[in-house]
Amino acid sequence: MIQRGNLNVPVIGVAKAGWTIDQLRARARDSLTQHGGLDEAAFSKLLELLQYIDGDYQDPKTFEQLRQMLGKSQCPAHYLAIPPSMFATVVDGLDRSGCGKNARVILEKPFGRDLASAQALDETLHSVFPETAIFRIDHYLGKEAVENLLFFRFANTFLEPIWNRNYIESVQITMAEAFGVAGRGKFYDEAGAIRDVVQNHLLQVVAFLAMEPPTNLYAESMRDEQVKVFHTIPPIDVANIVRGQFVGYRKEQGVATDSKIETFAAVRLEVDTWRWAGVPFLLRAGKCLPVTATEVLVETQKARLCEDIPMRTIIFDFGSGRTFR
């Protein structure tokens, strides 16, 4: 953004990490060097904008310090990349300190633990921010390969005649990771595989695969078609869910020694529409698995008169963004 001239406002990091601003700057340099390449001129500008507050979210002084750092800044965007259990606490702190005035708030998934807690969180948010200033996001949908699913489906006319229960045997969606919780034990032990990736990332992919064409490309039209899909998914029977935990998970820092949180989950669900009735959607996600792979595998039915002909498979690989077979 700095390279393109789109960022000239303060960027304030807030955390209880025991860090100094120099440590945050070193982390930023290391991250850019490893994942994008370091532009010294742009990075120098970033350092001028970067600020840091080391404080507890439950301490009012943390938000008072934030208010001082914001100074005369207008319409700040508060990005809550924090454990979901702290959302309400931080929103309350922003309100009491005046940081929520004329501001926006961005919350990453998961949004609540169930319907009741999600509704309670909504009430807390609306007590401080208007709906137009609240952004509930799933960062996974920003991946280019995920966005390409829509173009793959709707820009290729050869797919439409076969993209239904008459020709498709099953749809399998896999998000496998060869690594563990990567130092996020405390967060992960609040979420688990189902809340972390299945009920958001993978269900969104289900919606992209199963939805009908939107009437236009407005965000509301896309959302409405996805919601229609979710309404047609019957309640999932416990017999269609498998949960597991990798060996050594309970020894991870921040994880309870008697944790029942799953690090692997497999779910079988159906989309009860004319297009998809009877087609199983199989979702798998987990950590510390043999490989890292994120893909959609669509199996078509065997030709009825040629039983010896194998089923064809369409695979969409999120890692490379390629579609093959």
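Starting from 1, each residue takes its place in the sequence as its number.
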Practice problem: Before giving the answer on salt bridge (charged side-chain N to carboxylate O under 4.0 Å, His left out), spell out for R136 and E131 the whole-Å C-alpha distance, their side-chain angles and the decisive distance to 0.1 Å. | Solution: CA-CA 10 Å; R136 307 166 188 82; E131 177 61 30; 3.0 Å; yes
Passes salt bridge (charged side-chain N to carboxylate O under 4.0 Å, His left out), R27 versus D30? Steps please.
CA-CA 5 Å; R27 171 66 180 271; D30 180 63; 5.7 Å; no
request  = Before accepting this row, confirm whether a basic side-chain N of the pair E160/R275 lies closer than 4.0 Å to the acidic partner's carboxylate O.
outcome  = yes
Q | Within-4.5 Å side-chain heavy-atom neighbours: E147 and F208 | A | no
Donor-acceptor pair, distance only, cut-off 3.5 Å: does the side chain of T124 make one with the backbone of A120? yes
Between E220 and R223, does any side-chain N to carboxylate O distance fall below 4.0 Å?
no
Cut-off 3.5 Å, side chains only: do T62 and D56 have a donor facing an acceptor?
-> no
- prompt: Is there a donor-acceptor pair closer than 3.5 Å between any side-chain N or O of R104 and the backbone N or O of C75?
  reply: yes
Ignoring hydrogens and geometry, is there a side-chain-to-backbone donor-acceptor pair from N8 to G5 under 3.5 Å? no
In terms of heavy-atom contacts, C99 and P76 come closest through O-CG, 4.1 Å
Going by chain and number, the hydrophobic cluster around L38 (ILVMFWY, side chain to side chain under 4.5 Å) further includes M1, I2, L7, V9, V11, W19, I21, L24, L32, F43, L46, L47, L49, L50, Y52
So does D196 get a backbone contact from the side chain of K109, meaning a donor-acceptor N/O pair under 3.5 Å? yes
(request) Assess whether atom CZ of R96 is packed by more than 12 heavy atoms of other residues, nucleotides or ligands within 6.0 Å. (result) no
- Query: Within the side chain of W163, is there an N or O that forms a donor-acceptor pair under 3.5 Å with the backbone of A210?
  - Reply: no
* Please determine if E40 and R29 form a salt bridge, counting it only when a charged side-chain N lies under 4.0 Å from a carboxylate O. => yes
Hits for salt bridge (charged side-chain N to carboxylate O under 4.0 Å, His left out) against R113, two or more places apart or cross-chain, chain-then-number order -> none
inquiry  = Given 3.5 Å as the limit, does a donor-acceptor pair link the side chain of R153 with the main chain of N148, or not?
reply    = no
- Query: Side chain of T232, backbone of V229: donor and acceptor closer than 3.5 Å?
  - Reply: yes
Next item on the list: Indicate whether the side chain of S117 and that of D114 have a donor and an acceptor atom separated by less than 3.5 Å.
Entry: yes
Backbone N/O of I173 and side chain of E295: donor-acceptor pair under 3.5 Å:
no
Sorted by chain and number, sequence neighbours left out, side chain to side chain contact (heavy atoms under 4.5 Å, CB included) with L282 holds for Q172, R268, P280
Here the side-chain hydrogen bond (donor to acceptor under 3.5 Å, both in side chains) pairs for residues 63-74, sequence neighbours left out, are none
Applying salt bridge (charged side-chain N to carboxylate O under 4.0 Å, His left out) to D237 and not counting sequence neighbours gives none
inquiry  = Check K228 with D224, please: is the shortest side-chain N to carboxylate O separation under 4.0 Å?
reply    = no
Using a 4.5 Å side-chain heavy-atom cut-off and chaining through intermediate ILVMFWY residues, the residues clustered with V90 come out as I12, V14, I53, Y57, F63, L66, M69, L70, L80, I82, M86, F87, V91, L94, V105, L107, F111, L121, L125, V128, F129, I134
Between Y188 (side chain) and A193 (backbone), is there a donor-acceptor pair under 3.5 Å?
yes
Where the side chain of N200 meets the backbone of R195, is there a donor-acceptor pair that is under 3.5 Å apart? yes
Between A256 and D189, the two heavy atoms sitting closest are N-OD2, 3.2 Å
